Amino acid sequence: MNDFVYRDGVLFCEELRVQDIAEKVGTPFYLYSRNTLVRHFQVVDQAFSETPHIVCFSVKANSNVAILRLLANEGAGADVVSAGELFRALKAGIDPKKIVFAGLGKTAGEIEYALRQGILMFNVESSQELMLINHVAQNLDTQAPIALRVNPDVDPKTHPYIATGLKQSKFGLPMKEAMAEYEVAQKLPGLNPVGVHQHIGSQILESGPFEDSVQKISNLAKSLKLLGMDIRYINIGGGFGIQYTDEKAPAPDHYALALAPLLADSDCTIVMEVGRMISGNAGILVTKVLYNKQGEEKRFVVVDAAMNDLIRPSLYKAVHQISPVVREDGAGEVKVDVVGPVCESADFLAQDYGMPEVKPGDLLAVFTAGAYGFSMSSNYNSRPRVPEILVSGRKAYVIRYRETLEDLVRGEAIPQDL
Ligand SMILES: *Cc1c(COP(=O)(O)O)cnc(C)c1O
């Protein structure tokens with residue numbers, strides 16, 4: 001359920017017409033619904049209400065500080081993967097005691113920053129990282145709370161680029177090495193093992209892979225406790241799939257029903273790292289048709305947004321629903337590639353996609369763009385990054401301004417003798 005709905009053929013975001021916002025801010029732009037964001041967070045949070053839990057929003061899905069503030073106000077924690085994301089989360093007012101730090105290439109500087117902020121824990125991905133965290137913590141005369149990210153070797157049945165819990169994956173420690181690594185960690189004075197962590201992939205559409213892996217890590221947590229470790233957190237990661245077109249995505253309470261029993265006697269707080277499920281369907285990308293173009297074999301709709309604005313179709317062959325912001329009665333359907341101005345053949349928002357005929361100037365909405373949309377955008381082809389707008393009821397707020405041409409060269413320097 002989300003707050004982007006057509007009324008008499010006109011697309012609304014909550015109480016505002018999308019075309020009116022486009023009139024004010026120009027195109028392309030990202031548009032988010034506050035209502036949807038809050039509701040999605042609450043649905044996830046409430047699904048697990050029977051179990052002590054923390055819902056950490058995965059900042060990489062949508063990093064805008066206004067959105068993080070909104071979620072912080074709802075009680076969200078954060079899952080961060082860099083100093084930059086940690087900075088954003090703190091700036092947005094997220095409680096450091098609800099922040100987990102993942103990622104397999106943490107630097108000493110990032111570790112020190114996070115330790116000084118007093119985060120909930122590090123999710124550690126290798127034995128060398130374990131050593132470095134111990135070292136940095138000792139230098140600061142403190143103890144780093146850690147979980148090891150274990151690789152439970154389950155197939156999440158998703159796109160290979162977003163499967164992270166297979167044996168071949170670069171992420172996590174092999175299950176069979178986990179015990180030994182925990183024993184090493186337990187002995188190191190700068191470390192305090194407090195949790196176990198997994199994250200098996202993204203856009204997963206069934207609970208089976210979660211059930212298998214959660215069973216494995218909750219068994220691991222039990223074994224660690226028997227060794228005298230004070231394991232208080234089981235972090236089941238994220239990856240809960242959502243509906244982009246016609247996928248059937250289980251609701252949060254479906255996962256809760258399947259997983260809660262596996263965790264019930266663990267005596268642990270459950271940590272979840274949820275990105276896409278919270279913000280994905282809370283945002284759209286609005287773009288304008290520039291040209292229709294008939295190639296020898298294909299028909300193209302050239303729009304003013306491109307792969308630098310939304311890379312998911314190019315990177316993952318992801319399919320997003322695309323529809324005109326104003327639906328004309330009786331427009332004939334045609335099969336088109338929706339492409340942007342970037343000089344790459346991979347620059348498309350849709351391929352062989354059935355859509356009503358459109359003309360230059362028409363607005364299109366690219367749905368389900370609230371996760372891994374703006375946060376993966378770039379300036380490729382020296383395209384200024386687009387604004388982000390947040391709607392709340394009848395009000396629209398610019399939560400990120402459109403970049404200017406001057407912004408594009410900010411930070412660059414021409415040597416004096418050139
Ligand atoms: C990306 C990521 C997530 C969030 O994944 P979603 O599919 O957006 O829920 C959670 N945890 C880790 C460690 C991640 O890398």
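The structure presented is a predicted model; accordingly, all values stated were derived computationally and were not measured.
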Could you verify whether a donor N or O on one side chain and an acceptor N or O on the other, from [X] and [Y], lie under 3.5 Å apart?
{"X": "Glu344", "Y": "Tyr380", "value": "yes"}
{"X": "Thr269", "Y": "Arg232", "value": "no"}
{"X": "Gln321", "Y": "Ser323", "value": "yes"}
{"X": "Arg276", "Y": "Tyr244", "value": "yes"}
{"X": "His320", "Y": "Arg312", "value": "yes"}
{"X": "Asn62", "Y": "Ser375", "value": "no"}
{"X": "Asn308", "Y": "Ser378", "value": "no"}

Hey, is [atom1] on [X] packed in by over 12 heavy atoms from elsewhere, all under 6.0 Å?
{"X": "Leu226", "atom1": "CG", "result": "yes"}
{"X": "Lys293", "atom1": "NZ", "result": "no"}
{"X": "Phe87", "atom1": "CZ", "result": "no"}
{"X": "Asn73", "atom1": "CG", "result": "yes"}
{"X": "Asp141", "atom1": "CG", "result": "no"}
{"X": "Gln351", "atom1": "CD", "result": "yes"}

Is the shortest distance from a Lys or Arg side-chain nitrogen in [X] or [Y] to a carboxylate oxygen in the other one below 4.0 Å?
{"X": "Glu112", "Y": "Arg116", "result": "yes"}
{"X": "Asp352", "Y": "Lys335", "result": "no"}
{"X": "Arg34", "Y": "Glu14", "result": "no"}
{"X": "Lys225", "Y": "Asp230", "result": "no"}

Flag side-chain contact, heavy atom, 4.5 Å: [X] against [Y]:
{"X": "Thr287", "Y": "Thr27", "answer": "no"}
{"X": "Cys56", "Y": "Ile99", "answer": "no"}
{"X": "Met179", "Y": "Ser223", "answer": "yes"}
{"X": "Pro193", "Y": "Tyr182", "answer": "yes"}
{"X": "Lys395", "Y": "Tyr397", "answer": "yes"}
{"X": "Leu364", "Y": "Val286", "answer": "no"}
{"X": "Leu224", "Y": "Val196", "answer": "yes"}
{"X": "Gln198", "Y": "Val214", "answer": "yes"}

Mark yes or no for whether [X], through its side chain, and [Y], through its backbone, hold a donor-acceptor pair below 3.5 Å.
{"X": "Tyr353", "Y": "Ile322", "answer": "yes"}
{"X": "Ser266", "Y": "Cys268", "answer": "yes"}
{"X": "Gln117", "Y": "Ala114", "answer": "no"}
{"X": "Thr107", "Y": "Glu110", "answer": "yes"}
{"X": "Glu15", "Y": "Gly393", "answer": "no"}
{"X": "Lys317", "Y": "Ser314", "answer": "no"}
{"X": "Asn123", "Y": "Leu148", "answer": "no"}
{"X": "His254", "Y": "Pro252", "answer": "no"}
{"X": "Tyr372", "Y": "Ile311", "answer": "no"}
{"X": "Arg400", "Y": "Phe374", "answer": "no"}

Looking at every non-hydrogen atom in both residues, tell me the closest pair between [X] and [Y] and how far apart they are.
{"X": "Asp79", "Y": "Ala102", "value": "OD1-CB, 3.9 Å"}
{"X": "Ala249", "Y": "Gly241", "value": "CB-O, 3.5 Å"}
{"X": "Leu115", "Y": "Ala144", "value": "CD2-CB, 3.6 Å"}
{"X": "Cys13", "Y": "Phe4", "value": "SG-CE2, 3.4 Å"}
{"X": "Ala92", "Y": "Ala72", "value": "O-CB, 3.9 Å"}
{"X": "Leu220", "Y": "Met175", "value": "CB-CE, 4.0 Å"}

Original post:
Can you list the steps and then say if Asn379 with Glu403 is a side chain to side chain donor-acceptor pair (under 3.5 Å)?
Top reply: CA-CA 10 Å; Asn379 288 119; Glu403 287 181 347; 2.9 Å; yes

**OP:** For ring-ring contact (aromatic ring centres under 6.0 Å, His included), just list the numbers for Phe210 and Phe240, CA-CA rounded to whole Å, side-chain angles, deciding distance to a tenth of an Å, and then say yes or no.
**Re:** CA-CA 9 Å; Phe210 282 102; Phe240 310 103; 4.8 Å; yes

Original post:
Stepwise, does the ring-ring contact (aromatic ring centres under 6.0 Å, His included) test hold for Tyr6 with Phe12?
Top reply: CA-CA 6 Å; Tyr6 283 91; Phe12 278 73; 9.3 Å; no

**OP:** Report the distance from atom CG of Asn2 to atom NE2 of His40, rounding to the nearest 0.5 Å.
**Re:** 6.0 Å

**OP:** Report the distance from atom CD1 of Ile236 to atom CD of Glu211, rounding to the nearest 0.5 Å.
**Re:** 11.0 Å

**OP:** Apply the test salt bridge (Lys or Arg N to Asp or Glu O under 4.0 Å) to residues Lys298 and Asp337: give CA-CA distance (whole Å), side-chain angles for both, the deciding distance (0.1 Å), then the verdict.
**Re:** CA-CA 7 Å; Lys298 284 194 155 192; Asp337 280 18; 2.9 Å; yes

Original post:
Can you tell which of Val150, Asn151, Val154 makes a side chain to side chain contact (heavy atoms under 4.5 Å, CB included) with Ser213?
Top reply: Val154

Subject >> Partner of Ile54 by side chain to side chain contact (heavy atoms under 4.5 Å, CB included), out of Met272, Glu273, Lys97, Lys98 >> reply: Lys98

**OP:** May I ask you to check whether Phe41 and Phe57 place their ring centres under 6.0 Å from each other?
**Re:** no

**OP:** Given side chain to side chain donor-acceptor pair (under 3.5 Å), test His199 with Asn235 step by step and report yes or no.
**Re:** CA-CA 8 Å; His199 173 65; Asn235 184 336; over 6 Å; no

Original post:
Going through the distances and angles, do Arg39 and Asp3 end up as a salt bridge (Lys or Arg N to Asp or Glu O under 4.0 Å)?
Top reply: CA-CA 10 Å; Arg39 191 174 54 242; Asp3 293 85; 3.4 Å; yes

**OP:** Give the intermediate values and the outcome of side-chain contact (heavy atoms from CB on, under 4.5 Å) for residues Tyr113 and Leu90.
**Re:** CA-CA 12 Å; Tyr113 175 43; Leu90 294 168; 3.8 Å; yes

Subject >> For Pro341, all residues meeting side-chain contact (heavy atoms from CB on, under 4.5 Å), sequence neighbours excluded >> reply: Ala306, Asp347, Arg383

Original post:
Can you list the steps and then say if Lys60 with Glu85 is a salt bridge (Lys or Arg N to Asp or Glu O under 4.0 Å)?
Top reply: CA-CA 7 Å; Lys60 74 181 193 283; Glu85 287 190 355; over 6 Å; no

